[in-house]
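Sequence positions, counted from 1, serve as the residue numbers for this chain.
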Amino acid sequence: MSDIIRLLPDSVANQIAAGEVIQRPASVVKELVENAIDADARHINVLITDSGKTCIQVIDDGKGMSDTDARLSFERHATSKIREASDLFSLRTMGFRGEALASIAAVAQVELKTCQNEGQIGTLISISGSKFERQEAVACSKGCNFSVKNLFFNVPVRRKFLKSNQTELSNILTEFERIVLVNPDIAFTLYHNGTEMLNLPPLPIRQRIMGVFGKKLNQDLLPLEINTTMVRIHGFVSKPEAARKKGARQFFFVNGRYMRHPYFHKAIADAYENLIPVGEQVSYFIYFDVDPANIDVNIHPTKTEIKFENEQAIWQILSAAVKETLGRFNAVPSIDFDVEGMPDIPAFEAYPDAGVQPPQLTYDPTYNPFNVSQESSNASFDSYSRKASTRWEPFFEGLGKRGKEQEDFSVSPDDMGMTEIPSGAEESEKEGKEHLASPEISTSHYQYKGCYILTSVKSGLMVIDQQRAHIRILYDRYMHQLAEHQHVSQRLLFPDMVQFSPSELPVLDEISDELAALGFELSSLGGGAYAINGVPAGIEGLRPETLLTGMVRTAMEKGCKLREEIQGMLALSLAKAAAIVPGQVLTNDEMNNLVDELFALPTPNYTPDGKVVLAVLKDCDLEKLFH
């Protein structure tokens, strides 16, 4: 039998390696900029054309390379960072694998100009698809000038599956943000299609954060610092009141390298427990300095997964440091009774038999702090008592009438025996319509615990989740606005301001038409800041800034390509934000309107994201409860 195992050609091996290292244009930017940092560059310029699909150029003023090193740098496993395996445990550089340039050259057309010293002749090297084309002497400035053109030109399937220009540019800016935040002593500039997007001079870390995410973030950050023999942790965490559901800036860095670490994220989340609402997140910028021998960065080619030798101990140190910072700066939020947009829960009429009494005004005749004569003081107090009594009287009107109306209703919610409700979500849409069409459907409804609407139907008892029902209704309403381009906008008397990060701006531009169709009116103020001049009608009580950043962040996560997908995502985000909240008390008319609007829809049984809106407890199941 003949031998069948053979060595792959270098060009094929490089393309295989490129599949892990170079996934999109952002990967090229990351590798080239990190190489420039390792070369001790003080100024790094990045020029992008067509979101990196056409050209990526990275220019630095680092050490540069000799003609021999320049040619050798494109070979696999060629590196100046390590010499032997033990060097992996003392890494102080960003790169060390020696695969980046070989992988880039395997799937693109690369040109390199490099020179080691000012005024001397440099080297030009041109490679296309791992095929060496030319090398010659040229005059160029000190450092390296990489030009990567037509990425994935020889791998059409990979190029076909790249996202839209806005999404790819957003990914590039995300990688760029991670690099500039951990290298505040280096100057960075970034251009896209000739337009300057970032210009960051050398500044301290806090000022660098402001330069990337805007000055408004400065008021929300609390400094964190702890130094132990095991690890030094420093950086910033945000105040609890700055928590948000989406769009929080969360960064971990170790020894100058960005990393993902869910375990350490849990330490921060635990420190904020009971300080922020469930489901919300806080921003943080945490920097770890540890002995390189105590971590392993050689886990994945992207080098964002890092293992710590003393992970549990560092978790405890981090958690204690965050708690100490919150306590030291008195970051526990004060109670703020914001009644705008909250449910209108009656204080007296809802409980006529509770025996609630208005506060009694008392008067101490010996208390005279302002030296007022006794006669004028008594006269003033009598006048105030009469006015106060007049103001309190309207609160008790109708209590007797309401109490009489409720005498006949003696069944409490707890007496209904609803301990186990079988899911009615498996009912077909046709069956849901039959419930509505039934002549036995009740015209009056009962609200259970401010969350569910109970109503009788032909086959039994229907339970409707009022919040999900409202989401279903609002979603169809907003989708209709987007389809018909109805600009139902409400102008703001005093415009709000919202700040977007550089990575969010391309996505904002991509969905700007849909936002306008919903009713948002934005005007750019420069530097990623926008004025909110108008908002969709009907979202009173919501924060437009939080709503916009949440929708942009959702668009980044979804990576929607089609216009219909973007419209659906925006409509759902806005519907969830504008829907009634659990616990909101509804009148019978409001419940009637909600049920009528729900069953007027073609698909009332489920929310747009597939959650059950209603369930039916059948008569036979009710009867079983009383056997």
Side-chain angles (χ1 to χ4, degrees), residues 11 14-36 44-60 74 99-113 125-131 133 144-180 188-198 301-302 501-513 552 555-563 565-566:
S11 58
N14 288 340
Q15 282 199 17
I16 294 173
E20 289 186 332
V21 180
I22 307 302
Q23 301 171 355
R24 55 184 0 126
S27 306
V28 177
V29 174
K30 172 183 180 293
E31 298 294 345
L32 295 182
V33 173
E34 287 182 349
N35 281 346
I44 301 175
N45 303 320
V46 181
L47 298 90
I48 307 295
T49 305
D50 296 334
S51 301
K53 297 176 182 178
T54 300
C55 181
I56 299 171
Q57 189 174 11
V58 177
I59 306 170
D60 68 71
F74 288 96
E99 291 184 328
L101 293 183
S103 298
I104 294 171
V107 292
Q109 298 167 343
V110 182
E111 184 178 274
L112 165 64
K113 294 179 182 178
I125 290 180
S126 180
I127 299 178
S128 178
S130 291
K131 182 180 178 181
E133 293 187 339
C144 290
N145 183 339
F146 280 94
S147 179
V148 180
K149 298 180 180 179
N150 300 322
L151 187 63
F152 300 130
F153 79 100
N154 56 348
V155 193
V157 175
R158 293 285 300 277
R159 188 173 180 88
K160 177 183 177 182
F161 282 94
L162 290 177
K163 304 295 185 181
S164 65
N165 282 353
Q166 288 81 2
T167 302
E168 294 299 340
L169 178 59
S170 177
N171 288 321
I172 290 174
L173 288 164
T174 298
E175 291 289 353
F176 202 72
E177 289 170 0
R178 296 169 179 174
I179 294 173
V180 302
F188 292 91
T189 58
L190 175 66
Y191 291 83
H192 180 246
N193 292 340
T195 302
E196 182 181 277
M197 301 198 69
L198 279 174
T302 60
S501 69
S503 59
E504 294 170 340
L505 291 176
V507 179
L508 175 66
D509 183 63
E510 187 175 15
I511 65 175
S512 58
D513 292 341
V552 170
M556 291 180 64
E557 295 169 359
K558 298 286 185 182
C560 302
K561 271 189 173 182
L562 300 178
R563 187 180 184 90
E565 293 178 355
I566 295 175

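- The side chain to side chain donor-acceptor pair (under 3.5 Å) search around T49 returns none, not counting sequence neighbours.
- To the nearest 0.5 Å, atoms CD (Q23) and CZ (R158) are separated by 7.5 Å.
- With rounding to the nearest 0.5 Å, the separation of CD1 in I56 from CG in L32 is 7.5 Å.
- Counting heavy-atom neighbours within 6.0 Å of K113 NZ, excluding the residue itself, gives a total of 12 or less.
- Of all heavy-atom pairs between T189 and F176, the closest is O-CZ, 4.0 Å.
- Atom CD1 of I104 and atom CG of L112 lie 11.0 Å apart (nearest 0.5 Å).
- The two atoms that bring P25 and L162 nearest to each other are CD-CD2, 3.9 Å, heavy atoms only.
- In this structure the side chain of V507 never reaches within 4.5 angstrom of the side chain of T167, judged on heavy atoms.
- The distance from the CE atom of M197 to the OG atom of S503 is 9.5 Å, given to the nearest 0.5 Å.
- Put simply, the side chain of S170 never gets that close to the backbone of Q166: no donor and acceptor are under 3.5 Å apart.
- Under the side chain to side chain donor-acceptor pair (under 3.5 Å) criterion, E111 pairs with no residue, sequence neighbours left out.
- Between E175 and V29 the shortest side-chain heavy-atom distance does not fall below 4.5 Å.
- Here the closest heavy-atom approach between residue F74 and residue V110 is recorded as CE2-CG1, 3.9 Å.
- The OG atom of S27 sits 8.5 Å away from the CG atom of L151 when rounded to the nearest 0.5 Å.
- Although no hydrogens or angles enter the test, the distance criterion places no donor-acceptor pair under 3.5 Å between the side chain of D50 and the main chain of C55.
- The CD1 atom of I59 sits 11.5 Å away from the CD1 atom of I44 when rounded to the nearest 0.5 Å.
- Taking E177 as the reference, nothing meets the salt bridge (Lys or Arg N to Asp or Glu O under 4.0 Å) condition, with sequence neighbours excluded.
- Minimum heavy-atom separation, A105 to I127: CB-CG2, 3.9 Å.
- For the residue pair I22 and F152, the shortest heavy atom distance occurs at O-CZ, 3.7 Å.
- Using a 4.5 Å heavy-atom cutoff, the side chains of R24 and K163 are in contact.
- Inter-residue side-chain proximity for L190 and L173 is flagged as met; some heavy-atom pair is nearer than 4.5 Å.
- In this structure, N154 and G129 approach most closely via the heavy-atom pair ND2-CA, 3.8 Å.
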